[in-house]
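Please read the structure below before turning to the comments.
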Amino acid sequence: WKTYDFTKATDAIYSFWLNQLCAVYLESSKPVFNSDDEDLKKTNRNTLYNCYEIGLRLLHPFMPYVTEELWQHLPRRSGDPESIMIAPYPNDLDSWRNETIEQEMNVVQDIVHHLRAMRASYSIPHKTQTDTLMNCKGEAAQAMAAKYSQTIRELGHAKSLDFTSEDVIKGCSVEIVNPEFSVFIKLQGVVDIDAEIRKLEGMLKGVKKAMVTLEERIASPLYQNVPEEKQQADKKKLEDLKTKIETGEKALAGLTDRK
């Protein structure tokens, strides 16, 4: 932090406000504030207050006038200074960190990202909630998903979230999040299945062609002269193509069987 890198500092603060506080925590808190659980509401309000108050102090050197005005509208606590200008700048917050929860939330956000990507690929409007399922490999993975099921439903625009042991579900689109999690969206009554079948067939044709081209390049006698770093990148790309084909074929099988 002593390098005075203005761009990195503002990017980090911007990311906190927009991508973490607003896009994740605030959105996932909506069901709590709409519930009757007063204790949980109080906990969320206190967490939001701390995020707002500390977040404004983080932002103050870059936006002094706006942050002062907003900070003055927050409820005051005993011992608070009269102005944000003389409030201490946030530092040494490591004691607040919980690396386990951070890792879990990274997985949750990855799950939500795949759900949103599927919805976008089918042009499903945000207001249209979908029946959603998850295949979790192992009890620990399912327990983690169940723990954050409300957050996944809220951020993934899911009407319901159920668990399944199936790898293929008729009438569903599927995305492999990572080796432990796959997510499904029921498409029946939501999208044009015939159109999606044509779309998947076109995608698979292109991916298979790319895989054959890559395999031929790797099999070439001259490939041994390719730098090791490039060979590793090609190996990773080949595995990704195979996974994409496997996922696409499963999704195609599910849509075809649903007709």
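Scanning all heavy atoms of the two residues, the minimum distance from I152 to V112 falls at CA-CG2, 4.3 Å. A23 and L155 get closest at one heavy-atom pair: O-CD2, 3.6 Å.
Taking 4.0 Å as the cut-off between side-chain N and carboxylate O, K230 and D234 count as a salt-bridged pair. By the 4.0 Å N-to-carboxylate-O rule, D37 lies too far from K41 to be salt-bridged with it. A salt bridge is absent between E246 and K242; no separation between the charged side-chain nitrogens and carboxylate oxygens falls under 4.0 Å.
Among residues at least two apart or in separate chains, ring-ring contact (aromatic ring centres under 6.0 Å, His included) pairs with a member in residues 140-180 are H126-H157. Sorted by first and then second residue, the salt bridge (Lys or Arg N to Asp or Glu O under 4.0 Å) pairs with a member in residues 65-76 read R76-D80; sequence neighbours excluded. Within the structure, the salt bridge (Lys or Arg N to Asp or Glu O under 4.0 Å) test picks out the following pairs touching residues 136-146 (sequence neighbours left out): K137-D167.
Cluster membership check: V190 shares its hydrophobic cluster with I197, using side-chain heavy-atom separations under 4.5 Å among Ile, Leu, Val, Met, Phe, Trp and Tyr.
When T67, V66, L74 are each tested for a side-chain contact (heavy atoms from CB on, under 4.5 Å) with L70, only one passes: V66.
V32 belongs to a hydrophobic cluster whose other members, connected by ILVMFWY side-chain contacts under 4.5 Å either directly or through intermediates, are L40.
With sequence neighbours left out, H73 forms a ring pair (Phe, Tyr, Trp, His ring centres under 6.0 Å) with no residue at all.
Between D131 and L133, the closest side-chain pair of non-hydrogen atoms is not below 4.5 Å. Proximity of V108 to M144: side-chain heavy atoms (C-beta onward) are separated by under 4.5 Å at one or more points.
From S28, atom OG reaches atom NZ of K30 across 10.0 Å, with rounding to the nearest 0.5 Å. Taken to the nearest 0.5 Å, the NE2 atom of H114 stands 12.5 Å off from the CZ atom of F181.
Residues E154 and Q150 bring no donor and acceptor atom of their side chains to less than 3.5 Å of each other.
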Mind listing the side-chain donor-acceptor pairs of residues 199-217 below 3.5 Å, one per line with the distance, residues two or more places apart or on another chain?
residue: K199; atom: NZ; partner: S121; partner atom: O; Å: 2.1
residue: K208; atom: NZ; partner: E249; partner atom: OE2; Å: 3.1
residue: T213; atom: OG1; partner: K209; partner atom: O; Å: 3.0

